[in-house]
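Single-structure report; data block below.
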Number of protein chains: 2
Amino acid sequence: MSRQRKATPPGIQHAPLELEHFLPYRLSILSNTISQGIADDYQRLYDLSMTEWRVMAVLARFEGLSAREVADRTAMDKVAVSRALARLVEAGRVSRHMADNDKRRSVLDLTEAGWAIHDVVAPMARAREQALLDKLDEDERRWLVRILDKLQER
Amino acid sequence: MSRQRKATPPGIQHAPLELEHFLPYRLSILSNTISQGIADDYQRLYDLSMTEWRVMAVLARFEGLSAREVADRTAMDKVAVSRALARLVEAGRVSRHMADNDKRRSVLDLTEAGWAIHDVVAPMARAREQALLDKLDEDERRWLVRILDKLQER
DNA sequence: TGCAAGTGGTTTCAAATGTAACTATAAAGG
DNA sequence: CCTTTATAGTTACATTTGAAACCACTTGCA
């Protein structure tokens, strides 16, 4: 057991943060708990890392992206994407060929095997999201979206 | 440039996730952006990692905690806490001595130097949080707290 | 007592990650 | 053209992180 700070040393106000009410901290805990929960699902099933899954998710939505574009859309850095792609291509989940107009650029797509995994994992992820949203009522869901939009404004 | 998926292969609905509207993903991006922003401040100033700062923050609020208790309160695992403490003690920012009733247990406190850092970093962190909250109006702030409470319910 | 099981904490080793340097190609400007 | 500068992507190296094994001490209980 521990005592909470009582008397502050004479004349000094330390004003410690209360982490449990500190917004950045709360977001961090919440976000990690959620993402890790989802990741556990597909890691167990397919030995797929979170970065790999994110790459697959954007390739499912946008075919023929380059590695750079994948990085932009996933907010991951290009090295992380390069490594994720190396594994995905190796595992036969993503196909990569060279763009004919620019030999530096790759053209990426999910393979059949990639789509098959996608079609299992995407619904699982959605179900997890739904389980979260089920904790909220209709009003709260609307406010949440609005608040996230505002917080993400630059 | 890339085209979005148009015709789905005959008879198959792939239903890709839209990451930019997917709650876990949005939270993850937002949270990382915010935490990293704050961390940049104190990393530059004091060569302090995020885990180290979190340990200091709980020790500021609760004196004499054990490493285990710090781990519980920060939602970090005990290895991470052990390492953070090793550095903090080494740097003279935290004092550690043995509990006299239990020789396994440590008793941790910020030193003068630790408090000095705390008293600079805590206001910076608070200012960052405030900058975030300033993007919201009074209603939105109230809803946000309420929503976070609900989402964190187990 | 004394021994099995549990707890606090550190160490070790492997995997993940970040940074910087590097290769290859493309674009832009003289 | 030819040189400089920029971009796509990978590689190498150092650092961080996580999982499991480990050590020391305590607790529960025969």
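Sequence lines set the chain letters: A, B, ... in the order given, protein chains first and strands last, and positions in each chain run from 1. Since the structure is predicted, the reported quantities are computational estimates derived from the model, not experimental observations.
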| said: Regarding A:Q130 and A:D134, do their side chains bring together a donor and an acceptor under 3.5 Å, going by distance alone? | reply: yes
| Is a side-chain donor-acceptor pair under 3.5 Å present for A:D40 with A:Q36? | yes
| What do the steps show when you test B:R54 against A:S28 for side chain to side chain donor-acceptor pair (under 3.5 Å), and what is the final call? | CA-CA 12 Å; B:R54 283 190 181 169; A:S28 169; 3.2 Å; yes
| Excluding sequence neighbours, so at least two apart, what forms side-chain contact (heavy atoms from CB on, under 4.5 Å) with A:T33? | A:I29
Collect all protein-nucleotide pairs involving nucleotides 6-8 of chain D in which both atoms are nitrogen or oxygen and the distance is under 3.5 Å.
residue: D:dT7; atom: O2; partner: A:R104; partner atom: NH1; Å: 2.6

| note | note: B:M50, atom CE; D:dT17, atom P; distance rounded to Å ~ 9 Å
| task | Name all residues meeting the side-chain contact (heavy atoms from CB on, under 4.5 Å) criterion together with B:L132; count only those two or more places apart in sequence or in a different chain, and write none if there are none. | result | A:L23, A:L151, B:I34
| task | Kindly compute the distance separating CE (A:M76) from OG1 (A:T51), expressed to the nearest 0.5 Å. | result | 4.5 Å
| query | Base, sugar-phosphate, or nothing for B:R87, non-hydrogen atoms under 4.0 angstrom? | reply | nothing
| field | B:L30-B:V145 co-clustered via ILVMFWY side chain contacts under 4.5 Å | value | no
| task | Check whether more than 12 heavy atoms from other residues, nucleotides or ligands sit under 6.0 Å from atom NZ of A:K150, and answer yes or no. | result | yes
Which atoms of nucleotides 12-15 of chain D (N or O only) lie under 3.5 Å from a protein N or O atom, and what are those distances?
none

| message | Just verifying a value: how many Å separate B:L65 CG and B:R105 CZ, rounded to the nearest 0.5 Å? | response | 9.5 Å
| query | Atom CD of A:Q36 to atom P of D:dT17: distance rounded to whole Å? | reply | 15 Å
| For DNA chain C, whose closest nucleotide is more 5', that of A:N101 or that of A:S49? | A:S49
| message | To the nearest 10°, give me the bend of the helix from C:dT1-D:dA30 to C:dG30-D:dC1, comparing the axes of its five terminal pairs at either end. | response | 10°
| query | Between atom CD of A:E69 and atom CG of A:L108, what is the distance when rounded to the nearest 0.5 Å? | reply | 9.0 Å
| Would a distance-only check, ignoring hydrogens and angles, find a side-chain to backbone donor-acceptor pair under 3.5 Å from A:Q152 to A:D149? | no
| said: More than 12 heavy atoms of other residues, nucleotides or ligands under 6.0 Å from CD of A:E138: yes or no? | reply: yes
| task | Go through DNA chain C in 5' to 3' direction and return only the first and the last nucleotide with some atom under 4.0 Å of chain A's heavy atoms. | result | C:dT17 to C:dA26
| Note, B:R141 side chain near B:R146 side chain (heavy atom, < 4.5 Å) | no
| task | Assign each of B:M98 and A:R96 to its nearest nucleotide of DNA chain D by heavy atoms, then name whichever residue's nucleotide is nearer the 5' end. | result | A:R96
